[in-house]
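Accompanying notes for the structure given below.
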Amino acid sequence: MIRWSDAAQAALLGANRSPDLSAEEVAKALAAAAVAKKASDVRAAKLALVEPAPDVGSSQGRARAVTPFLMVAMIRHPSLVPYMLDELVAQDLSIPNRLLPLALRHTGAASSSIRLALGVRGVWLASQMTSFAGVSQGKSERARASADAPKLKEQLQAFPALAAAEPDVAAEWLAQHWKELSSAQRAVAASRLWESGSDVFEPVFELARQDSGREVRMIVLRLLVRMGDPDALAKAEDAARRALVAEGGGLFQPNRSQPCDPGEWELHGMKRLRPGKSADLATLSLWNLSLLPPSHTEALLGPVETWAPYIRQASNQAQAYDALQTAARFHREPAVTRKILSGWVRQGWNLGDVEKDWSVFTPTERDELLRDGLRRTEHRHLLERCVELGDQTPKWSKETSLIYVDRLRHLVHLGTAKEDVRLMHGFVGRFHPDVLPEIARIADDLCTRYSNSVVNAFREMLQLRISFDAKLRT
Amino acid sequence: MSNSLFPLELSSSRAKRLERVRRGAESLRLWLLDRIEAGVATPDREAVNAMAARLVDAQASGLAREVRRLNEIAASGAGWEEKALDQLGMLFLACEALERFEDQPPAFQVEFLQWLGFTIQKKDLPEEGRLVDVWHVAAQRMWIEDKVTVQKSWLYGASSELWWVNYSYRVNDMPFDPNFALGSAYWAEVALYPGALQLRGAVVVMDPEPRFFAPPPGKSMVALQLDFAALVAKFPWVEAVGGGVVVQGLMRDGDTWHAGSLDGPKMRLKTPEDRGWVVASVSGGGPCVLYGEWDGREFLPTSMAVREEFTIL
């Protein structure tokens, strides 16, 4: 009888190379083996069973009933998912078990909505999925999971979530893997850690101070100022004072008579200027402003409230707000952030990424600001601003939702609504339930007029939300 | 051929077709031997397609389908070589069986003819032995084959305690006929196709209104495997057996999932994309019943039940 391994070798390499076996004998042996294997291929277990999830013994009941709607939202309309998850949590429900892998893969464990809605089963599943191990496990297990994870890239993807949830573990991980990361990766990871706002930078501090990357060294300098290092503070303040002059009445200008010392900037992590190139004093001084605690800036340039009336007069003054906003965030002075953002929806000046700063307002205050902004959306950039603020306002009051309906009606009238993709799609989960029928009517009207992918998706999202709400409450 | 196998009684036209199929199988046999002679370690897609086309010309669509599978296997990733050798073996066995067709039992002959591509009209199915029951659709999968969507459903009769398989087809936006919804139950009278396996059926009369569905009981892995082994003994080319299998827990080997028990056997799960994680999530890694089909190598789960709660994967 021919052994399968001999027949397999002969068939793969060629029976003509095997003088003892004919092709027909090999074929017959393969046939016999195929039938025999097919009839007996249950194998003895050599692997260990996966540690099962804690048995909380509860039926998923109503959560199961909304599974189809949540699945469609996860696949086709991700912007609606946070709303649905929040609603589940409000009803003391968790993500249906069936959808947990999809939720973790598509939404990411870092989202606050999903973390609350994971439930016991979701936390167990996240601990099994390597990419999310750091988010959900106990501290010692987390560290081990990070160490055991096969791919640095995956760990790096999970790093922002880890830095937000457990900055001390994130700092340890970063220090451990510092040399394996590229300069750009080190800068991104260090800034994520810095943005977490905690005082856990210590394991990375010395590594970052000696880093070759400018971005990384800038973070160190900010930390030194924040920690009250007198030398760093004095240097930054002196540089800002020399570079900017207050002219009184809330005005301030770059001090163009002050020479720029390239060596000084290099100490701060800025690149040395090439010979013959003049420094952009405004940019450099504003950068120094962003290092200083806001109270020092106000001492130099006057209280922040006095700047507002002049803000449209000079671009560097608007940029000063940007620098001050960065400083307020970093030095944890939310009162200054409030002063800046309160005027933001009404002003023409731009700020950078402000998403993180909206937390200085209560949900009610955000709703009021949004309402105010939506009423004043005659300018496109103000509308964009409202879109950004609306993204940060999870649930709108009925009054705000009604103003939005008016706004949408106006846009339909102008024939531009179909272009405002974010205005339509991003807010479906935020509308007050009482205005849904009216918005659905407007969506139908839009579909009749335009019937393009944007308005069709908007109507589909509205219908999805209406069905989800109805199912969840029955 | 006996009267009980009436639908595939060899009329003169069928006898002529069988002769053409035999000639096709003879060329397939030579092709297989040539390939083994030269070595099959390097897949040759064009040669496979050319052989399949010759078999289609010989009206042996079943053999052509199995030859084309060689290309699918070659593209299936790690471990393709063993699967390819098994497929070559099964094809060679089919050629041998055709040479000795007249020596085979009638039930085998009828099954074999259907596998080769001979069709039986639903109206020609035998009237005796029809089954009436409320059928629970516990496993189902769909795929597209030559622009036709195929819906394959495994149904369990609560009273008869029998499993059978239904194939429905859809072209473009036409509905499946019959259209079985997974996780639903239907009253129906069913006729089984004649042959050695008695697995495939067709609905004769059906109430389209769904009845109360309850997840069917699962079998142990060994019992399901023995069922399949018995089918392989009757007809070696049997594709799969459907049903429910009781699982004690899950095992993981990289991206591969296995259903297992504490000290017993395990079954490798065929879990495309995230399905392994879905099984883990729904079961919590604990006991459950998986519904799907076992092909002798892997179990393809399409649905599952935990404490009688049914979930479509």
Side-chain angles (χ1 to χ4, degrees), chain A residues 4 7-8 10-17 21-24 26-57 59-60 64 67 95-105 120-122 124-125 128-129 150, chain B residues 29 32-41 81-82 85-93 96 221-222 224-225 228-230 232-233 236 238 248-253 258 260-268 274 277-278 280-286 295-298 306-307 309 311-313:
Chain A
W4 183 81
L12 286 169
L13 301 178
N16 55 7
R17 297 189 188 184
L21 293 173
S22 69
E24 186 157 343
V26 171
K28 283 180 178 170
L30 291 178
V35 175
K37 278 194 283 179
K38 198 170 177 178
S40 62
D41 208 20
V42 171
R43 293 170 188 181
K46 286 179 187 167
L47 298 164
L49 287 173
V50 168
E51 183 71 26
D55 187 1
V56 291
S59 164
Q60 289 217 296
R64 273 173 66 91
T67 298
I95 298 170
N97 293 342
R98 168 70 181 80
L99 295 185
L100 282 168
L102 190 64
L104 284 166
R105 290 234 189 269
V120 174
R121 180 66 55 86
W124 170 83
L125 190 73
Q128 302 291 322
M129 297 171 89
Chain B
R29 188 176 191 279
L32 288 169
L33 291 175
D34 283 349
R35 296 203 34 94
I36 290 170
E37 192 73 28
V40 296
E81 296 92 343
E82 184 178 345
L85 293 177
D86 288 350
Q87 184 69 359
L88 288 175
M90 297 306 282
L91 282 167
F92 188 77
L93 191 65
E96 297 272 289
M221 286 178 200
V222 172
L224 188 69
Q225 171 61 21
F228 189 66
V232 172
V238 58
Q248 295 300 321
L250 296 173
M251 300 161 182
R252 200 176 153 214
D253 182 13
H258 301 263
S261 51
L262 289 171
D263 51 1
K266 67 179 170 68
M267 272 180 166
R268 192 162 84 173
D274 258 0
W277 285 110
V278 175
S281 181
V282 174
S283 69
D295 66 2
R297 192 184 294 271
E298 294 172 313
V306 179
R307 296 188 186 115
E309 236 173 26
T311 300
I312 296 169
L313 296 173

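Source: prediction; values computed, not measured. Every chain is numbered from 1, with letters handed out A, B, ... down the list of sequences.
- A/K37 NZ to B/E82 CD: the interatomic distance, rounded to the nearest 0.5 Å, is 3.5 Å.
- With a 4.5 angstrom heavy-atom cutoff, A/A7 does not touch chain B via any of its atoms.
- No other option in B/V232, B/L250, B/T311 has as many heavy-atom pairs under 4.5 Å with chain A as B/L250.
- A distance of 4.5 Å separates CZ of B/R29 from CD of A/E24, quoted to the nearest 0.5 Å.
- Between A/K38 atom NZ and B/D295 atom CG the span is 8.0 Å, to the nearest 0.5 Å.
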Which is it for A/V35 and B/L93 under the side chain to side chain contact (heavy atoms under 4.5 Å, CB included) test, yes or no, and what are the steps along the way?
-> CA-CA 9 Å; A/V35 175; B/L93 191 65; 3.6 Å; yes
For B/V282 and A/R121, what are the C-alpha separation, side-chain angles and deciding distance, and is it a side chain to side chain contact (heavy atoms under 4.5 Å, CB included)?
-> CA-CA 9 Å; B/V282 174; A/R121 180 66 55 86; 5.5 Å; no
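- For the atom pair A/L21 CG and B/E37 CD, the distance stands at 10.5 Å (nearest 0.5 Å).
- For the set B/L313, B/L85, B/V306, the entry with the most heavy-atom pairs within less than 4.5 Å of chain A is B/L85.
- When every heavy atom of A/A31 is checked against every heavy atom of B/G89, the shortest pair comes out as CB-O, 3.2 Å.
- Among A/A10, A/A53, A/A27, the residue with the largest count of heavy-atom pairs under 4.5 Å with chain B is A/A27.
- The part of B/I312 that comes within reach of chain A is its backbone (N, CA, C, O), which places non-hydrogen atoms under 4.5 angstrom from that chain.
- Taking a 6.0 Å sphere around CD of B/E96, one finds it holds more than 12 heavy atoms contributed by other residues, nucleotides or ligands.
- Contact of B/L32 with chain A is not made at all, since no heavy-atom distance falls under 4.5 Å.
- The candidate from B/D86, B/L224, B/D34 with the greatest count of non-hydrogen atom pairs under 4.5 Å with chain A is B/D86.
- With values rounded to the nearest 0.5 angstrom, A/R98 atom CZ is found 9.0 Å from B/S281 atom OG.
- Closest of all the heavy-atom pairs between B/G286 and A/P52 is N-CB, 4.3 Å.
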Stepwise side chain to side chain contact (heavy atoms under 4.5 Å, CB included) check, B/W277 with A/L104 | CA-CA 11 Å; B/W277 285 110; A/L104 284 166; over 6 Å; no
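- To the nearest 0.5 Å, atoms CG (A/L12) and CD1 (B/I36) are separated by 10.0 Å.
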